[in-house]
Amino acid sequence: MVDDSKATVPEPGERRFVLDSYGRLSRVPETGELEKIDVQWDDNRKVIERVGGTLGAELSDGLSAWKKGGKRPDWEKLLERVRSGESDGCVVWHTDRLFRQPRDLETLIELGDNGYKVFSAHGERDLSDPDDRFILRIEVAHAARSSDDTSRRIKRRFRTFREQGRTTGGPRRFGFPGKDTWWTPGEGETNADRPDVSPEVVEREREAIRAGAKLLLSKGGSAEKVAALWNGMGLRSMTGKEFIPTTVSATMKRPALGGYVVHEGEIVGRLPGKAILDKRTYDRLQALYAGRKRGRVAGEVGRSYVGTGILRCGVCGRKLTARTTKDKKYEDGTPRSVYYCAKQRRGCGTVFIDRRAVDRELMAFCVERLSDERHASELAALKSRASERLAAVRDEIDEIKRIQAGLSERVGTRRMSLDEFDVANEPLAADLARLTAERDTLDEAPTAEPTPVESAANLEAEWTGGDVSQNRAMLTRAIGNDKLCVWPSSRTGKRVFDRTRLRLLGPEKFAALAADWNTKKGQKKTMRPKVKG
């Protein structure tokens with residue numbers, strides 16, 4: 001940790017080093033109250049200004065520093081910015097409260113040793129001082145032990161709740177009593193004032209569940225029909241969204257409908273009161289789902305058509321899927337097929353376009369883009385960065401394996417107990433699993449060796465001679481980080497294919513498109529109908 005009172009302010013004209021600001025929801029040691037991220041960022045900006053730096057990125061994560069497997073995307077982003085050279089250092093709000101796991105502290109110490117500047121808005125520990133490092137290691141180890149003890153107490157309490165048939169918390173579920181998730185606080189109200197849903201609403205949802213179960217078990221019943229039934233009744237999910245087949249199936253599979261409390265696949269208790277579904281109906285429903293096919297095998301997605309899951313809707317940004325029509329055929333007698341935005345998957349349902357005509361355009365797009373020298377150079381740069389990262393990941397994996405081998409040797413010579421080994425090995429095993437998965441993903445990427453730009457004739461021959469999976473790989477390579485979107489048809493009368501409906505959007509424009517659709521959809525949100533009586 002750099003002492004900002006001794007930091008050298010850059011001279012006029014001298015490059016100002018870039019500092020990232022990192023905050024994490026943390027409790028103030030003196031009061032126990034949560035210190036908001038915005039307050040932490042304000043304090044960090046003052047430090048950056050005082051030491052003469054330039055603000056880079058403002059990053060933050062939730063209350064997850066104590067979880068061994070907890071994901072902190074912005075913490076990982078901060079480290080990635082360090083490795084890529086985008087930042088020269090960071091400012092954290094309170095060093096003593098930032099870490100709950102020793103490995104995070106060691107990461108910061110290592111960064112400081114390598115010249116990475118680390119400042120703190122609060123806290124008295126200096127990571128450049130060996131004595132302060134020693135004290136910080138003790139404090140962080142104590143914090144990790146305290147978090148582990150809290151975790152054990154919570155797990156024990158939840159186990160008791162499950163055995164007693166009590167809820168372990170969380171938001172209200174469809175068909176069950178609880179706090180109203182649709183309620184919005186008025187002036188002077190807080191979340192503590194959130195009311196419970198009325199018994200009439202709960203009973204109406206339970207009747208809908210019983211009707212849905214009856215429909216599913218009838219001849220020709222399906223989750224699509226149940227979703228249409230519930231939406232037609234004016235019912236919505238706990239987040240205020242319309243039901244789709246996926247959310248219907250997730251609701252109907254819940255053991256709680258039969259009055260059961262299930263944990264890790266085992267029945268551990270019974271809910272008090274009468275179950276929503278009788279035992280016979282519940283058992284038949286679970287047998288129905290258990291007997292169904294699990295869908296496509298992993299890796300088979302998209303084998304039927306080139307553009308499914310790759311093309312995007314130009315209105316809502318959802319991925320397009322494909323289907324064949326029963327009454328229309330192509331000239332060769334095969335059924336006509338279309339790419340479309342599926343409304344049952346929360347799409348807008350306004351985009352339909354002929355699949356065969358689009359596939360011809362996709363081939364022309366791939367040939368034109370992959371034969372372009374500029375695009376080839378961009379791909380080469382991406383491959384180079386992936387290759388460098390792969391080498392770094394492999395080095396980290398080798399280092400972890402060496403450490404694990406040393407720990408195993410200590411256990412074998414009885415210089416370390418098995419409990420001590422488990423404590424030391426747990427973070428190593430977690431890091432190894434993450435790095436192994438990343439290595440496998442990078443191994444599947446193209447090699448970093450520069451490849452010459454292929455001719456249009458060779459690319460066209462590769463497309464026409466390849467199968468659907470090979471064509472999908474070519475299309476993904478040609479699109480790169482952009483999104484290929486399809487817009488609705490603006491013509492009336494006889495349908496004529498319009499290639500201008502296919503447009504390539506960059507990441508920022510596509511994100512703006514999706515955000516605009518979500519805003520419009522939120523404004524049209526259906527309110528819960530009033531229950532009579």
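Residue numbers count from 1 along this sequence.
- Between Arg312 and Arg318, the closest side-chain pair of non-hydrogen atoms is not below 4.5 Å.
- Scanning all heavy atoms of the two residues, the minimum distance from Leu513 to Gly317 falls at CD2-N, 3.6 Å.
- The salt bridge (Lys or Arg N to Asp or Glu O under 4.0 Å) test applied to Asp42 returns Arg45, not counting sequence neighbours.
- Atom-to-atom distance recorded for Cys313:SG and Lys319:NZ is 14.0 Å, nearest 0.5 angstrom.
- Between the CG atom in Leu475 and the CD1 atom in Ile310 there is a gap of 4.5 Å [rounded to 0.5 Å].
- Side-chain N or O atoms of Glu76 include none that pairs as donor or acceptor with a backbone N or O of Pro73 at under 3.5 Å.
- The two residues Phe510 and Cys485 come nearest to each other via the heavy atoms CD1-SG, 3.8 Å.
- Residue Trp463 comes nearest to Cys366 through the heavy atom pair CZ3-SG, 3.6 Å, listed as atom of the first residue, atom of the second, then distance.
- Panel note: side chain Thr54, backbone Val18; no donor-acceptor pair is recorded below 3.5 Å.
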For this session: Show your working on side chain to side chain contact (heavy atoms under 4.5 Å, CB included) between Arg236 and Glu242 and close with a plain yes or no.
Result: CA-CA 5 Å; Arg236 295 294 181 266; Glu242 289 187 343; 3.5 Å; yes

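- When all heavy atoms of Ile479 and Phe365 are compared, the pair lying nearest together is CG1-CE2, 3.8 Å.
- We find that Asp20 and Arg81 are joined by a salt bridge, their nearest charged nitrogen and carboxylate oxygen being less than 4.0 Å apart.
- Looking only at side-chain heavy atoms (C-beta outward), Cys90 and Ser21 stay at 4.5 Å or farther from each other.
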Problem set entry | Check against salt bridge (charged side-chain N to carboxylate O under 4.0 Å, His left out), Lys46 and Glu49 | CA-CA 5 Å; Lys46 295 175 183 177; Glu49 183 178 355; over 6 Å; no

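- No salt bridge links Lys509 with Asp482; every basic N to acidic carboxylate O contact stays at or beyond 4.0 Å.
- To the nearest 0.5 Å, the span separating CE on Met252 from OG1 on Thr247 amounts to 11.5 Å.
- Here the CG atom belonging to Leu362 is positioned 6.5 Å from the CG atom belonging to Leu484, to the nearest 0.5 angstrom.
- Across every non-hydrogen atom of Leu78 and Tyr22, the tightest pair is CD1-CB, 3.7 Å.
- Within 6.0 Å of CD on Glu368 lie no more than 12 heavy atoms contributed by other residues, nucleotides or ligands.
- Put simply, the side chain of Arg194 never gets that close to the backbone of Trp182: no donor and acceptor are under 3.5 Å apart.
- The salt bridge (Lys or Arg N to Asp or Glu O under 4.0 Å) search around Glu80 returns Arg83, not counting sequence neighbours.
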For this session: List the steps, then state whether side chain to side chain contact (heavy atoms under 4.5 Å, CB included) holds for Leu504 with Arg369.
Result: CA-CA 12 Å; Leu504 200 65; Arg369 201 158 201 226; 3.6 Å; yes

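- Checked by atom type and distance alone, the side chain of Asp74 never pairs as donor or acceptor with a backbone atom of Lys77 at under 3.5 Å.
- When Thr350, Thr321, Val315, Val351 are each tested for a side chain to side chain contact (heavy atoms under 4.5 Å, CB included) with Cys341, only one passes: Val351.
- With sequence neighbours left out, Lys179 forms a salt bridge (Lys or Arg N to Asp or Glu O under 4.0 Å) with Asp196.
- Atom-to-atom distance recorded for Tyr339:OH and Leu311:CG is 6.0 Å, nearest 0.5 angstrom.
- Taking Asp43 as the reference, Trp93, His122 meet the side chain to side chain donor-acceptor pair (under 3.5 Å) condition, with sequence neighbours excluded.
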Exercise. What's the verdict on side chain to side chain contact (heavy atoms under 4.5 Å, CB included) for Asn471 and Tyr305, showing C-alpha distance, side-chain angles and the deciding distance?
Worked result: CA-CA 9 Å; Asn471 291 346; Tyr305 301 107; over 6 Å; no

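- For the pair Asp193/Trp183, a side-chain contact is recorded, criterion being any heavy-atom separation below 4.5 Å from C-beta on.
- How far CG of Leu59 is from CH2 of Trp41: 7.5 Å, rounded to the nearest 0.5 Å.
- Leu55 has its side chain out of reach of Val91: every pair of non-hydrogen atoms, C-beta onward, lies at least 4.5 Å apart.
- For Phe243, the ring pair (Phe, Tyr, Trp, His ring centres under 6.0 Å) partners are Phe174, Trp230, not counting sequence neighbours.
- Side-chain contact between Val486 and Arg503 is absent, with no heavy-atom pair separated by less than 4.5 Å.
- For Ser237, the side chain to side chain donor-acceptor pair (under 3.5 Å) partners two or more places apart in sequence, or in a different chain, are Thr239.
- Annotation: side chain of Leu459 is in contact with side chain of Met474 (closest heavy-atom distance under 4.5 Å).
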